[in-house]
Chemist: 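One structure follows; several queries about it will come next.
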Amino acid sequence: MNKETLPSQFESFAEARKQGFLAVKKLKEEGKKVAGLFCTYTPHEIFLAAKAVPVGICAFSDETIAAAEKVLPRNLCPLIKSSYGFAVTEKCPYMYFADLIVGETTCDGKKKMYELLGEIKNVHVMQLPQNQHDETAAELWYQEVLRLKAKVEAEFGITIKDEDIKNAIKIKNEERKLLQEFYELSKKCPPPMSGTEQLKVLYGSQFKFDPMAKNQELREAIDRVKHEAESGNLIPDTARRILITGCPLAGVTEKLVTAIEQSGGVVVAYENCIGIKPAERLVNELEEPYRAIADRYLQIGCSVMSPDKNRFDLLTQLVQEFKIDGVVEMTLQACHTYAVETTQIRTLMQKEKVPFISVETDYSTADTAQLKTRMAAFIEML
Amino acid sequence: MKKYYVGIDSGSTMCKTILFDGKDITDCHRIKTGWNPLLSAEKSLKLLLERNKIGYEDVIVSTTGYGREAIEFAGFTYTEITCHALGALFLSSTVGALPAVGGVIDIGGQDSKIILIHDGKVVNFLMNDKCAAGTGRFLSIACDTLGIDLADIDQFADPNEGISINSMCAVFAESEIIGLLAAGTDRSQILTGVLQSIGNKIWQMTGKLMIDESKPFLMTGGLSCSRLLMDIIAQITGLHIITHEYAAWAGAVGACICAANTVGRTTSPPNKAIEPDTYE
């Protein structure tokens, strides 16, 4: 797919991430508190209510993996190694400026890494239950949300008032609705944008630090994509519609999106942490705020959950709604939970009669040719 | 109207070339891919054309395999999955006695793969991940360590007894073999163990696919010349495995078939304009 002329609405979001360093430095100078967050389970609303800046610090580059391997084992997920590496090398501005880093007991690799990270950074770990459908799990998670609130109040020397949290819920819900409206544009056949462009906005939106301005920009991006789609199809209608699922995808692993889109496919949906998962459910604005937050976040589908019914349900729903021709799963090397769950996803897709391929990769570019062959063959097959 | 097709399968180890007249395979050639896939492809093409007294202007060139993108003079390129499948269908049809193949087991230099075919089309495939276990490279490392020529494995291996090789990684397997040799283990039994470990790898891959066991599978790739490996794979997987004299060229044959199919649908002129004289 020819990407010579990228519309500016995508670039603005791509730039946000690159410019984030200066932006976050400026915010710090203005006295703002910065919170570095790892997984989608961390409730952003608490930080918004505390007038702090939440920013994602999962790393997507192999730049710091060698440094991380001085401490961590080699046969570990590259996301964990890379993130830890950015902390020890002080190369990540967000990690560097973060007043508080929040992780959860998600996968084994991450929770053990947080212990080591805690030796050099101010780390708070939330105890995430691994079941989404029983009362004890819900109660534990509710208590953990309250404990996070207390931690944030103590660390930042503030008090989160009821109206603050309610307002934060409203703003964050608004952002989710806008993100939903944005990625659902690709339900159209052919989609009005490529998967590369869609990902730019989904990933880049994490690095727009003024929540009101971010929502305004999302609105504008949606309207412009819609407007441009009216003047003709940019994506050929022969392009095969691909859904990507699996481990977090951004940065160097975008090589997979490139391989798909250079082989006659177009990525229309991302069932990933950067993608549909963080946006698809709203916090109930009528319930007690912290209970509503806990209930919403606990329902995110991820292979750390056992069983992971919500992921299966979401995938089933998305392949229908987005008229998916083929599902590509990306697992990161040594991500055991996703790698084991692949068997269930393969069976599920067989049942849904949707062609499925799973590829394992890491943060190097060594397998670019292999990925290209697999994706080209998969799309030739569709 | 061009009369001939040349299919080039530029693999990680060998460059396989087929001359096809639209109906039959008329010639074939195979050389080491070497460091430059373009160079080995050019050499093979030149040799085939000279040997058959055919001009460059009379052939349609199509490529597949890892080096396919590097062969810039080709008119068409296809992935090795599609090519192996179509090549296997063609080859099995030339040996009339066979039912249509249900798929391909290809053990290449860098990859091993299983491709499922239904109604003449690829319906699913699986390739080994970034690991040499169960590939031709794995066997070649093992043969080096054992001091056996790759061409002699069928004569050398003990058909009755294999020593189990447990290491999943080709490099670790090499250490394991060195350990076994140091302990005085019989080389012919170690070699059989290596072949069995390739069979086990293929068997593990079959578990991830819905295979119709009533149909035969064509074994392709350079190792398809080993009758013993074929028997071991058949025994471990329970599949009916067949081969063909051109099985090592299945990808190149498929590239010809793909090109013939494409040419049948389009009128766009294929090959890039280069003269055979400029090959070297």
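Below, chain A is the first sequence line, B the second, and so on; all start at residue 1. Bear in mind that the values here come from a model prediction, so they are computed numbers and not experimental data.
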Chemist: Do Phe125(B) and Met127(B) have side chains that approach each other closer than 4.5 Å (heavy atoms only, starting at C-beta)?
Modeler: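 Yes - at least one pair of side-chain heavy atoms lies under 4.5 Å apart.
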Chemist: Who among Ile81(B), Ile115(B), Val122(B) has the most heavy-atom pairs with chain A under 4.5 Å?
Modeler: Val122(B)
Chemist: Could you pull out all residues at least two apart from Thr64(A) that satisfy side chain to side chain contact (heavy atoms under 4.5 Å, CB included)?
Modeler: Ser82(A), Phe86(A), Thr89(A), Lys91(A)
Chemist: Please classify the contact between Phe378(A) and chain B as side chain, backbone, both or neither, with a heavy-atom cut-off of under 4.5 Å.
Modeler: both
Chemist: Please classify the contact between Ile357(A) and chain B as side chain, backbone, both or neither, with a heavy-atom cut-off of under 4.5 Å.
Modeler: side chain
Chemist: Under the ring-ring contact (aromatic ring centres under 6.0 Å, His included) test, which residues partner Phe20(B), sequence neighbours left out?
Modeler: Phe90(B)
Chemist: Parallel, tilted or perpendicular: which describes the rings of Tyr363(A) and Phe60(A), with under 30° parallel and over 60° perpendicular?
Modeler: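 If you compare the ring of Tyr363(A) with that of Phe60(A), the planes turn out tilted.
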Chemist: What part of Lys208(B) is in contact with chain A, defined as an atom under 4.5 angstrom from a non-hydrogen atom: side chain, backbone, both or neither?
Modeler: both
